[in-house]
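First the proteins, then the strands, lettered A, B, ... as listed; each starts at 1.
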Protein chains: 2
Amino acid sequence: MPNADKDGQPKARLSREALVTSAIALADTEGLEAVTVRRLAQQHSVAPTSLYWHFRDKERLLDGIAEHLLQQVEVPEHPDGDWPEQLRDILARIVVVLRAHPAAAQLIPTRLLASPAGLAVTDRTLALLKEAGLPAERIAGTAMFLLGAVVSMIAAEPGRQLPQDKEEREDAVRVKRALLSALPPRNLPVVVSFADHLCDCADPDTYYDFNLDVLVAGIARMAATPSR
Amino acid sequence: MPNADKDGQPKARLSREALVTSAIALADTEGLEAVTVRRLAQQHSVAPTSLYWHFRDKERLLDGIAEHLLQQVEVPEHPDGDWPEQLRDILARIVVVLRAHPAAAQLIPTRLLASPAGLAVTDRTLALLKEAGLPAERIAGTAMFLLGAVVSMIAAEPGRQLPQDKEEREDAVRVKRALLSALPPRNLPVVVSFADHLCDCADPDTYYDFNLDVLVAGIARMAATPSR
DNA sequence: ACCTGAACACCGTTCAAGT
DNA sequence: ACCTGAACACCGTTCAAGT
């Protein structure tokens with residue numbers, strides 16, 4: 001039985017789908033730099049070079065991750081609410097998906113136009129900015145900026161970069177807070193006074209809510225100002 | 001003469017400063033993935049392992065790049081204008097520095113609290129959000145988000161990712177525009193109609209100006225709404 | 001104090017070959 | 001159609017050793 005692993009179970013055939021899925025899992029647990037052709041092959045009990053039947057190169061594998069995530073962003077067919085609500089809605093949907101896969105999130109911005117799913121999200125964002133009445137020459141750039149900014153919210157969340165393990169994480173937060181608190185208040189008064197909030201985000205949900213509001217409010221304001 | 005290169009010129013001694021500088025140059029011309037311990041060593045006619053005298057590991061070298069860039073962001077000692085003007089000013093100063101080094105820009109967000117220069121920029125941003133009257137619990141998270149969003153503006157600029165060489169770049173733009181224009185307008189009407197602006201940013205200066213305005217206007221709006 | 005050389009474990013990728 | 005094995009050029013990093 002050449003196609004069975006040590007448990008005698010039939011060895012699952014390799015597929016793009018399966019590889020992308022385990023690549024995302026690997027990024028979730030160990031970070032994007034752990035996503036490696038060789039480690040992926042190992043997890044599937046297969047030679048490293050086997051992956052090249054399914055992906056032209058590693059870049060295409062990463063494209064596959066981005067596409068898989070973007071497919072999870074539902075673009076509502078029959079949305080309700082005015083454009084600011086709808087814009088906030090589509091951006092918030094992206095946030096929800098990417099918060100579940102923070103390490104892979106950084107793959108998104110450069111790949112928004114590289115898959116049907118990414119194009120659907122982009123089309124919706126462009127349409128809403130058009131409805132808002134932004135100057136035509138500003139719509140494309142602003143859409144790409146908004147989508148990029150939403151992704152950067154994940155990386156900028158205070159307390160990301162620290163370990164995931166709870167206990168280990170608490171230790172790291174304590175150390176970091178101590179370091180920031182010990183900085184000279186003469187030079188850095190505000191950093192010192194906000195040391196706690198800079199080290200760890202007490203309320204991530206509100207962090208995301210508030211910053212989404214900042215973006216939508218900013219667009220509303222600029223849409224209301226006729227080209228100045 | 002053991003310390004002279006083939007031109008007989010005295011070989012410059014290795015230093016953190018010199019290594020960081022050429023690392024940035026390498027990132028500028030060939031991208032961040034070209035910044036490699038071994039290539040850097042080669043450029044300085046030195047064994048790869050020599051770098052480890054000056055940097056504990058590659059991560060520290062990247063920290064050095066981020067710090068070097070952040071040092072170029074001048075934080076005005078005696079700023080004038082109201083807080084929205086000052087906030088826009090500090091964010092715009094970051095943009096100016098990072099536009100000159102777009103490949104290295106992505107190193108910044110995770111390292112804002114890791115150097116005196118980064119801390120100075122962060123302190124100023126925090127101070128301005130405080131002056132704006134944001135709720136205290138939102139200031140730290142919003143500052144990190146703003147600084148991250150400014151960095152993501154560089155990566156999100158339409159037409160980045162394409163080659164730098166002018167002729168080669170024009171070809172790439174044509175191809176990409178053709179691809180987007182050929183998409184089914186039934187599904188993606190707005191993407192198709194904005195194909196041109198999505199492929200290439202006709203006016204980068206205005207792109208940055210406008211999106212900086214979006215951010216500052218958004219903050220102003222949220223500061224004016226008392227916690228709802 | 002500063003740099004080298006040998007060595008190690010790990011990468012992505014090609015190509016001819018197997019089934 | 002799908003996978004393997006050998007091979008290649010390239011990574012980051014250690015450590016004992018040289019000057």
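Separation of atoms CZ (B/F145) and OG (B/S152) is listed at 7.5 Å; rounding is to 0.5 Å.
A salt bridge links B/D89 to B/R93: one of the charged nitrogens lies within less than 4.0 Å of a carboxylate oxygen.
Taking a 6.0 Å sphere around CD of B/E170, one finds it holds more than 12 heavy atoms contributed by other residues, nucleotides or ligands. Few gaps surround CD on B/Q161; more than 12 heavy atoms of other groups in view lie less than 6.0 Å from it. A 6.0 Å sphere centred on CD of A/E17 holds no more than 12 heavy atoms belonging to other residues, nucleotides or ligands.
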Base, backbone or nothing for each nucleotide of nucleotides 5-19 of chain C, written B, S, -, heavy atoms under 4.0 angstrom, 5' to 3'?
BB----BBBB-----
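Out of D/dT4, C/dT4, D/dC2, the shortest distance to the side chain of A/S50 is found at D/dT4. If you check D/dC3, C/dT4, C/dC2 against the side chain of A/W53, the one that comes closest is D/dC3.
Among A/R111, A/K58, A/H68, the one residue that satisfies the side chain to side chain donor-acceptor pair (under 3.5 Å) test with A/D63 is A/R111.
Per the geometry, CG belonging to A/L14 stands 13 Å off C1' belonging to D/dA1, to the nearest Å.
The shortest heavy-atom contact between B/Y207 and B/A156 is OH-C, 3.4 Å.
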Secondary structure of DNA chain D in dot-bracket form (Watson-Crick or G-U wobble, distances below 3.5 Å, | marking inter-strand pairs):
||.|||||...|||||.||
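Using a 4.0 Å cut-off, some side-chain N or O of B/H54 falls inside it from OP1 or OP2 of C/dC3.
Side chains of B/E137 and A/D203 form no contact here, defined as non-hydrogen atoms less than 4.5 Å apart.
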